[in-house]
Amino acid sequence: MSSLLSVRRVRMPVVLCALLSLWFAMSASGPTAFAAPLPGRDHTGYLISGGLPRSYAVHLPPGHATAAGLPVVLALHGRWQTGTGMRELTHLDKVADREGFAVVYPVSVFLGWSDSRGATWAAKLGVDDVGFIRDLIDRLTGTDHADAARVYAAGFSNGAVMTELLGCELADRLSGIAVVAGTMPEAMAPVCHPRRPLPVMIINGTQDPLVPYDGGASRADSSETPLLSVADTAAKWRTVDGCTGETVRSLPPVPGDRTATGVAAAVSCHGGTQVEVYTVTDGGHTWPGGKQYLPAALVGLTTTQFDASEALWGFFRSHAAG
């Protein structure tokens, strides 16, 4: 009984923080929460998906008042994070302004994605986040006329695992995915049968304190389905894409940076696809080149050897749906 009470004492503050965060987010929206989005480079959109009101933030590059004709990067935040937090972590808006693509930040239900592992509140409530992203893509490419051949998904942590699921379920709607600090759940791999080969970028740190590089139970929540290792996740996608070769390189060291980064790129893949894996030795549960959102003692080191946002856009830019 004492151990059960201790677990409850640990979890209650976390749940309370999540509910308070949600309350503040809803309060900030006020009575216009479901009004039509205002025109402009930055706005919030709303739609009904699976019977639930869902929202997403849109950032457009200079010279564009709509997403018409633009490539789109869907950026999925991590658990207990928000779209705003993802925007601050990744600085994808800055890359988008220079390179001319739209960034869309979908918002999860209760600060977590239903990523197939059954651990988040969204999963326990039966939220269909794959359906939400499908509906969102329909809105962006149908109503907003974004380029349907250049829609990509990138995610961090829980958002990365969700992005793996999108790769499995929505490969016919996406032209590539990038996952940072997340791997494929063991239970997902046998039932992941994408409708077509898909370009995949994988970025992980060897000293990630939450998502074990070599696989196993997530240290964020031991009740979650165990995760594959980075190597096994990459092997799954290489099998999906029918890749037969690999090139390996190391990034130049950066003075004062205690990490080292190697890049393994699978070549000779079906349909011109590719699987590229960045291994950040001594890197943590972080976004390379991004904000050190918590002390390194808690989440590990953020490498400065490369910028994940720049790298994923360079990867995406070379791949469009045929």
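Computed from a predicted structure; not experimentally measured.
The pair Asp93-Arg87 meets the salt-bridge criterion, with a side-chain N (NZ, NE, NH1 or NH2) lying under 4.0 Å from an Asp/Glu carboxylate O. A salt bridge between Arg41 and Asp97 is present, with a side-chain N of the basic residue lying under 4.0 Å from a carboxylate O of the acidic one. Salt bridge status for Arg98 with Glu310: present, with a side-chain N to carboxylate O gap under 4.0 Å. Using a cutoff of 4.0 Å between basic side-chain nitrogens and carboxylate oxygens, Lys94 and Asp307 are not scored as salt-bridged.
For the side chain to side chain contact (heavy atoms under 4.5 Å, CB included) test, residues two or more places apart in sequence or in another chain that qualify with Val130 are Asp128, Arg134, Met162, Leu165, Leu166, Glu169, Leu170. Annotation: side chain to side chain contact (heavy atoms under 4.5 Å, CB included) contacts of Leu70 (sequence neighbours excluded): Leu60, Pro61, His64, Ala102.
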Decide side-chain hydrogen bond (donor to acceptor under 3.5 Å, both in side chains) for His77 and Thr82; before the verdict, give the C-alpha distance in whole Å, the side-chain angles of both, and the deciding distance to 0.1 Å. CA-CA 6 Å; His77 62 77; Thr82 63; over 6 Å; no
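Using cut-offs of 30° and 60° for the angle between ring planes, the Phe315 and His319 rings count as tilted.
Checking Thr84 against Tyr105 by side-chain atom types alone, no donor-acceptor pair falls below 3.5 Å. Using modelled atom types and a 3.5 Å distance limit, the side chains of Thr273 and Trp237 yield no donor-acceptor pair. Between the side chains of Thr304 and Asp257, at least one donor-acceptor pair of N or O atoms lies under 3.5 Å.
Side-chain contact check for Ile203 versus Pro288: some heavy-atom pair is nearer than 4.5 Å. Looking at Leu136 and Ser49, their side chains never come closer than 4.5 Å, going by heavy atoms from C-beta outward.
Grouping the Ile, Leu, Val, Met, Phe, Trp and Tyr side chains by contacts below 4.5 angstrom, directly or via other members, places Val104 apart from Tyr152.
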